[in-house]
Amino acid sequence: MLEYFFRRVVTLFFTLVFASIIIFVSLEIIPGDPASYMLGINAQEDTVIALKKELGLDKPKFERYLIWVKGMLIGDFGVSYTYRSPVIEMVGERLWVSLPLAIYALLLSTIIALPVGIFAAANRGKILDFSIMGFTQIGIAIPNFWFAMLLVYLFAIILRWFSAGGFAGWEDGIILGLKSLTLPAIALALPQASILARVMRSSLIDILSEDFMKTARAKGLSFKKALISHGIRNALIPVLTIIGLQFSFLMAGAIIIENVFFLPGLGRLIFQSIAQRDIIVVESVIMLLVFSVVLVTFIVDIAYVIVDPRLRSSIL
Amino acid sequence: MNLIKVNNLNLSIHEKEILKGLSFEGKAGEILGIIGESGSGKSMTANSIIKLLPFGSSVTGEIILQNKNLLETSEEEMCTIRGRDIGFIFQEPMTALNPLKTIGEQVSEVIRIHKKINKFDALNSAATILDRVGLPQTDFPSTRYPFELSGGQRQRVVIAMAIAIKPKLIIADEPSTALDVTTQAKLIKLLKKLVIEDNICLIMITHDLSVIAEMADKIIIMRNGEIVERGKINILKNGLKNDYSKNLLKASNYKSKNLNKKISNQTLLKVDNISRHYSDNSFRFFGEKKVFKAVKNVSFSINYNENVGLVGESGCGKSTITRAILGLDPIINGKIILEGDEIKASNVSKNIRKKLQVVFQDPYGSFNPRHNVLKLISEPLYLEQSQISDYEKLNIVKELLERVGLNAEDHKKFIHEFSGGQRQRIAIARSLILKPKLIILDEAVSALDVSIRAQILDLLVELSESYGLSYLFISHDLSLVKSITSRVLVMKSGQIVESGNTKDIFNSPSHAYTKSLIASSPNLESSLRRLT
Amino acid sequence: MKFFKNIFFVLLVIPIVFSVNAFASKTDLTVGLQLEPPHLDPTGAAAGAIDQVLYSNVFEGLTRFASDGSIIPGLAKSWDVSSDGTTYTFHLHKGVKYHDGSDMDANDVKFSLDRARAEDTTNAQKALFAGITDVNVIDSHKVQVVLDKPNGNFLFNLAWGDAVIVSEDSIENIKQNPVGTGAFVFDNWVQGDRIELKKNNSYWGAPAKLEKATFKFISDPSAAFAAMMAEDVDVFKSFPAPENLVQFEADSRFKVLIGSNEGETILSTNNKMEPFNNLKVRKALAHAIDRKAIIDGAMFGYGTPIGTHFAPHHPAYVDLTGQSQYDPELSKKLLSEAGFPDGFTTTLKLPPPAYARKGGEIIASQLRDVGINVEISNLEWAQWLEEVFRGKDYGLTIVSHTEPFDIGIYARPEYYFQYDSKEFQKVIEDLTAETNPVQRTSLMKNAQKIIADDYVNGYLFQRAQLSVVNSKVIGMWKNSPTQATDLTAVYWDN
Amino acid sequence: MMPLLKNKNLSNLSFSFWVGSICVLFVFLLAIVSFFWTPYDVTSLEISNRFKTPSYNHFLGTDHFGRDILSMIMVGTQTSIAVAMVAVGIGILFGLPLGLIAAAKRGTFFDDLVMRFNDLIFAFPALIIAILITAVLGPGAFNAIIAIGIFNIPVFARVARGAALTQWSKEYILAAQVSGKGTILISIEHIIPNILNLLIVQATIQFSLGILAEAALSYVGLGAQPPIPSLGRMLADSQTMISIAPHMAIFPGLFIVITVLGLNLMGDGLRDYFDPKLKVSNS
C-alpha cells in the first residue's frame, strides 16, 4: 500500500513537472507583454523597459522558470504583474467563489443524476427509461453557456427572481451567497447531471447482467433489494471516475459560465490575466487547476482501492 | 412422494420455443441428472424452476414443489421460496459472487433474508456452513473476499449459500465444468455427501456424462428442448433406446481408432531446458519485483510423425510453452530447435514458421470475424515465398475444406455462419495449408460438445496419419490425450513431473500428481462398470 | 407545490428586507464600472480604470479638470507664470492632510513630479513631464517648476491623473493601499468584484455628501444591464451596451446621461504601407465609409460624426465631415485613379471593445462594396499593442483615442499611423510654445485641417459618454473630459 | 462503414439512431446548401432592417446588423461542422496510430509513454488550453481546429489502445502471428477492421463534442472570425440584446442543440447496433 501510494505520488510529481514546462513555454511564446499592456499607447519605450525591469521580466527565461517553480515548491506563487499583489492571495479569494460553485454544481448533479440513473436502469426498456434517456441526451447537447443565457433571460430579466450576475459575497450571509451561485450552478450541473445519469444507468445495467446478481436473486432477494444491496455499490465504481473528472471540469470548465454570470472566480481570473498578459497569474492558476485534476484522479484512485477489495490486495 | 414434479413444461422466449413439454420428478435424497449438449435447454429448465427467466419469456405447464405450483406463485412469494426451499449453484464460480462483499457476508445474507436473526448470529452460522463445505475458519476466515479464493473454493462458497438454510431442493447448473479435474472430483464428493446428510433432492445439470454416471440416481437426456431419454442411471448400461443418446454415450466414451503410424526416431522438435518468467513491468521502489516463474527448466522432444500429449491443470504453464515454441514470447534460457534451426522470439524465419502451425481452443476467437473463410484459411500462405495466384489459392482452400469435412463452397462464408465444430475444422484446415511438420493443438477440442469432439478427434487422427504430421496435443483432460497420443508429458507448476509412453503412464503412474490426476478424472468406463 | 410557493415567497421577500433602509436618506452609492483597475496607482499605469475610481475622489493634483473640461485649481490654490513662460510658481492650499494624517506640502509635490519624470519611471505618460528641467521647493507651501521652453499645455498636463500628488511615505504600498488627499478614503478592495471608498472627514475642501461609495466591476454588458435593472448598482458609468439605453430611458427609475468624452474613434491607417501611402487611396477609404451606419450599427446612434481628430465639444473644433462624405462612387473612382480599379486586400485588426468589433464588421462590409477586401482579425489588447501599435504590422485598425486633446500624436512620425508631415509637425511645435489663447485656437484649427486634407486616418465619430443613473442621484458628471467618476458633489435626492 | 453493415440487418438500428440521423441529415443539408445558396447574403449589412422578428421574409428574423439569421445559421453550421470534422480527423490521424502502436507494444516503455502523455493532456482543462493555443496563434477557425484537435488525440489513442488490446488477446491474432505477419500488418489487416465500429462511435461522440467546443470557443471570440458567421459568436452577439431581440439568442442555440443531439443519438444507435450486448431489449 505504502509503495503504491509512493509510486502514485512520484507519477503525480512528474506530471506536474511536465505540465509546468508546457505551461511556461506556451505562455512565453504568447505575443504581448504585461508592461506594454499596462502602460498603454502613450508610454515611451524607456518607460516600458523600466517597468519590465521592475517586474523582473528582463531576466533570462530559464531563470524565471526556475524562480517560478522554486517559489511554488515553497508555496510562493509570486506577485501579479498587473495587480502587484501576491498571486496566492488573489487565487485564494477566487477559490472562495469557484470552489463553492463547483461543489454546489457537483452536489446538484449528483443528487439528481444518481437516483435518475438508477431509476432508469431499474426500468430499462420501458417508456420511462426511454424518456429519461431522451432528456439526458438533450441535457448533454445543450451548450451550458446558452442554457445560462436562457436562465438569465427567464429568471433574471423576465421573472427577476435572481440577479443576472455578480456575486453577493459570503459576508452578507451564506444564503445570499448561495443565491447568487444558484443559476450558475444549475447551468453547470445540467450537462454534468445528464452525463452522470447515463453513466450510472449503463454501469448499473452492466452489473445487472452479472452472474452474482442472479446469485442474489436465487438467494431470495427481490429485484429491488438485489439492486440496492448488490447492484449499486458495484455500479458506483465507474461513476466515481466520472464524478472525479467532473469536479476538475467544474473547477476549470466554469470559465465561460463565470463570464456569463460575472462571477469573480478562477475562470474569470484566468481570462482576464491572459488578456492582461499577467503571465505569472495565468501560469499559477493553470498549474493549480492541473494540480487539482491530478490530485482528484489520485484521490479517485485511492477511493477505488477503498471501495474495491480486489484492488486493495493487488497493491499490498 | 415426489419433492418436485414438473409437468408438461413449455417455455418460449420472444415467441421462440425453448422447452417443449418437459415432465420429470425428483425425490428427497435423490440425484437427478439432466444431461444435454449446448443448446439443449437444460439451463433454461433450471431457470424455469426458480422462475428467473429473461425478459419476454412465457411458461406454461406445472412445476409443483411440495404441493405448490410455482408457476402460479407470486413473485413476492417466490422470493421467500428461492434460497429457502430451492438452493441454486451456478456454473461460473469466478463471477457468481459479489466481488465487493466478504464470503461471510454473502453466506449470512441468505440466512438473514429468510430468518429473523441478527447480523452477528448470521455471520456465526455462515461460518459453520462454510466449515461444512470445506472452508474451515482457520484457513478461510469469513472476512475473505471472493478474489482471495481459487475457483474451487469459490464454488464451495456458492454451495454454502445454496445449502445455508437446508433447502429440500438444490439445482446445480454445471457446477464443476469450469474447474480442474482434481477440484471437480472433490466437489462431486462434497455434493454427494450433502445430499445424503441433508436428504436433499439434487438436480444436477451437466454436459458431461461421466460426471452424471458417477453420481446420479436418475437421468434425463435432453436435446433441442425435449427429453429424449429418461430412466434409472443403469439405463446407461445397455438400456438406451434413442439413437442420439446412444451416440452421446459412445462419444463420451471416445476411443480413437488405434494410431497406426510409424514413429520416426529422428527428432523434429527439441525443447532444451527452457524457462520463462513473468514479472510486472512497473518500476518499484521497495522490495524485489514480483516474479512469477511460469515455466522452469522444461526439456522434451518430439520426433517426426509422433503425437505427444502435454497434460496439466490450468496455470501449469502449458500455454507458455505453446507461445515459446511458436516464437511469440521470448524465453530466458534454454533453446528450442526445430529441424536444426533455433526458434528465437525476436526473429522467426518464414522457413521455420512454415513447418509449425497451431490450432487454438476457442473456436470463436480464433478467426477474424470480418474475413471470409477463403481469406482465413489462406492466411498462412503469406509465408510462401513465391506468389500464389488467387485461382490457385481458391483451389487449395476448396480442397482443404473438403478434406476436413466441409463443403468446398463454404469458402465464401463468414465465420459466424458456422457452428463450433465446423469452426474447429476450419482452424484445422488453416493449420494444414502449408503442410507443416508439427501442429500444436492447444486445447483444440476442449470447448466442443462431446459428440462433435469425437468427430474432430477422429479427423485429427486420420490427418496425422495421412499427412505424416506430428502433434503436440495440449490438454487439461487426460482422457483426450489418452486416445490420440503415443507419449505424454505431465506438467505441474511449470515443470514436467512425469513423462513416458501414454499407456504406461495411464496404467502405472509413478508421480503422485499423475496418480491424483488419473484418480480424479471421471471415468465413464469404470462408472458404467459399477452400475448394476 | 406549496413548498415551491414558500420558496418563491422567501426569494421575493429577501430583496425587500434588504432594501428597507432605502427609505432612510441614502448616503451610500454603488457605481458600476466595466473595467476593474489592475492596481491603484494612477501614476504607474495607463489604465483609465484607475482614474475612474480614484481621480479627484482619492488623489488630487495641482490642477484638475472641471466637468466641462476646463482646468481649475486643485491642490494649488493659485500660480504665477514668469514672463518667458518657463517658470511656474504654485501656491499650495494650507492644511491639506493625507489620509494617513500626515501633511501634504511642497516636498510632496517635488517628490511626485521628480518621480514621474525620473529616468526609470514607470509613469505611462512620461511625455507630459518631458519639459520639466527643475522642481524647487521654495517654502513648505510654495513650489517652483522650471521648463526648458514655454508650454501652453503645461497646466492641462498637470491635471491628468498621472500627475497627482502622492506622499513619499505611502508610495511603497500605493498599488494596494492608495493614500491621497481627496474627499474619499480608500477602504477596501475585493478583487474581481468591488472597491469601497468612505468619506474623508478631515478633508481640506468642501466635504463629500456621501458617506460611502462602492465601485462594482461588471464587465459583461448583459450583466451590467441586469444589475442596473435590479438596482444592484445606482449608477453605471460608461454603460457598455448602448442597445439597452432605450429601455432605461423609458423607465422612470432611471435617467440616461448622454455627454461627451474625449474618445475620437478613428479608422487608423498605416500611412507607410502600400497602398495607404497613396493619398488617393486614403481619400477613397474616407469616402467609402458611411459614418451614420457605423454610429447606428455599432453605437446604436450614440456618437457624433467627426471629420478630423478633434473633439467636437472643444471650442476650437472645425467641422470637416463634409470633406469625407459617404460617396462610394467617388471612392471607386479614386481607387481606379490610384491604380486599383479592382480594389485590393488588406488587414483590419480589431481590439476588444464593442465599438471596434462591431464597427469593424460594418466597415469591412462597406469597404467590400467599393472593392476593398478586408480580412478581419480580432485581437486582445496585449496582442494589439504588440502587433499593431508597436509592431506597426497592420493595414487598418479601429481604436478610440481617449486621451484629452491628443492631436499632437500626429506630429510623431514613429507613432503607429506613421504619418510624417513636416508642415503638421511645425504647427504643433508652434502650438506647444504658444500661450496666447487666440493664437492657439487658430493653430489648432490649422492642425485639424492639415490632417483632414491628408486623410491620415478614417475619422469616424466622437464617442458619447453614456451613463445610466438612478433618477434620485444628483451631481454625476455628464461629460467626461478625463476618465474620472468625480463623486465629491454627488448626493441622493429625497 | 459499409463492410460493417454487411452482415447485419439495418432494421436492427434503433429508433434513436433514425431520429439522430434525421437531425444530422437536416443540419448537414442546410450546411451543404449554404455553399451554393442562402436566402440572403450574410456579408452585406442593412442596419435599418435590424432586430426584425421572424416573419415571412426572414423566417428566423434578423440580427443587430439587419442580417438574415437563417442565412447566418446555415453558414455558421457549415463552419461548425467543418471545424469539428477536421478536429476529429486530427484526433484519428494521430491518436489511432499511437493507440495501435501502444497496444502492439503493450507493457513496454513506449506504451507507458503514450499513456503518460494521455494523462498529461487530460490533466489540462480543455477550454483553458484552447484559449492558450488561440492566444499563441491568434483566433480563427484554423487555430480552433488545432485546439480542439489536440484534445482528440489522446481520446482516440486511448480508445484505439483499449480496443486493440482486447483484439490482441484473441487467438486469431496469434494465428496471424504464426502465419508470420508482423505487428504493422496485423494492426492494419486485423486490428483496425475489428475496432472500427468503436472508432466510428467515438468519432460521432467527438464530433458532437467538437461542435460544442467550437461553439464555446467562438462564444468567447476565439473561433472563426467575422465576416464568417459562427453559431457561438452569434450567441455572444445576442447576449446583450437578449431583452430586445430574444430570437437572436434562441435560434442559433437551438441549432447547436439539434446538431449535437442528432450526432449523439446517432452514436448511441450505432453503439447499440455494433454491440447488441448493451441493447435495452435484452434480458
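Naming: A, B, ... by sequence-line order, numbering from 1 per chain. In what follows, every heavy atom counts, from backbone to side chain, and hydrogens, waters and symmetry copies are set aside.
- Only the side chain of A:F130 comes within contact range of chain D, with at least one heavy atom under 4.5 Å from a heavy atom of that chain.
- Using a 4.5 Å cut-off on side-chain heavy atoms (C-beta onward), A:V260 and D:Q239 make contact.
- D:D268 places a side-chain heavy atom less than 4.5 Å from the side chain of A:Q137.
- At a 4.5 Å heavy-atom cutoff, A:F14 makes no contact with chain D through either its backbone or its side chain.
- Under a cut-off of 6.0 angstrom, the local environment of CZ in D:F117 is crowded, with over 12 non-hydrogen atoms contributed by other residues, nucleotides or ligands.
- Between chain A and the residues D:D119, D:T259, D:L254, the largest count of heavy-atom pairs under 4.5 Å involves D:L254.
- Interface summary for chain A: among D:V19, D:V220, D:I258, D:I121, the most heavy-atom pairs under 4.5 angstrom belong to D:V220.
- Taken from CZ in D:F122 to OG1 in A:T297, the straight-line distance is 11.0 Å, to the nearest 0.5 Å.
- If you tally non-hydrogen atom pairs under 4.5 Å between each of A:L16, A:I286, A:I158 and chain D, the highest count goes to A:I286.
- More than 12 heavy atoms of other residues, nucleotides or ligands sit less than 6.0 Å from atom CZ of D:F28.
- For A:W146 (side chain) and D:A249 (main-chain N/O), a donor-acceptor pair under 3.5 Å exists by modelled atom type.
- When each of D:L137, D:I242, D:V260 is checked for heavy-atom pairs under 4.5 Å with chain A, D:I242 comes out on top.
- The closest side-chain heavy-atom distance from A:F147 to D:V257 is not below 4.5 Å.
- Heavy-atom distances place both the backbone and the side chain of A:I140 under 4.5 Å from chain D.
- Interface residue A:I29: backbone and side-chain heavy atoms are both found under 4.5 Å from chain D.
- Minimum heavy-atom separation, D:L212 to A:A141: CD2-O, 3.8 Å.
- Around the CZ atom of A:F223, the shell of radius 6.0 Å holds more than 12 heavy atoms that belong to other residues, nucleotides or ligands.
- Heavy-atom contacts from other residues, nucleotides or ligands closer than 6.0 Å to CZ of A:F13 number 12 or fewer.
- Using a 4.5 Å cut-off between heavy atoms, A:V290 touches chain D through backbone and side chain atoms alike.
- For chain D, the nearby parts of A:I142 are the backbone and the side chain; heavy atoms of each come within less than 4.5 Å.
- Nearest heavy atoms, D:L235 versus A:M149: O-CE, 3.5 Å.
- Closest of all the heavy-atom pairs between A:S26 and D:L132 is OG-CD1, 3.9 Å.
- Proximity to chain D is absent for every atom of A:L208, based on heavy atoms less than 4.5 angstrom apart.
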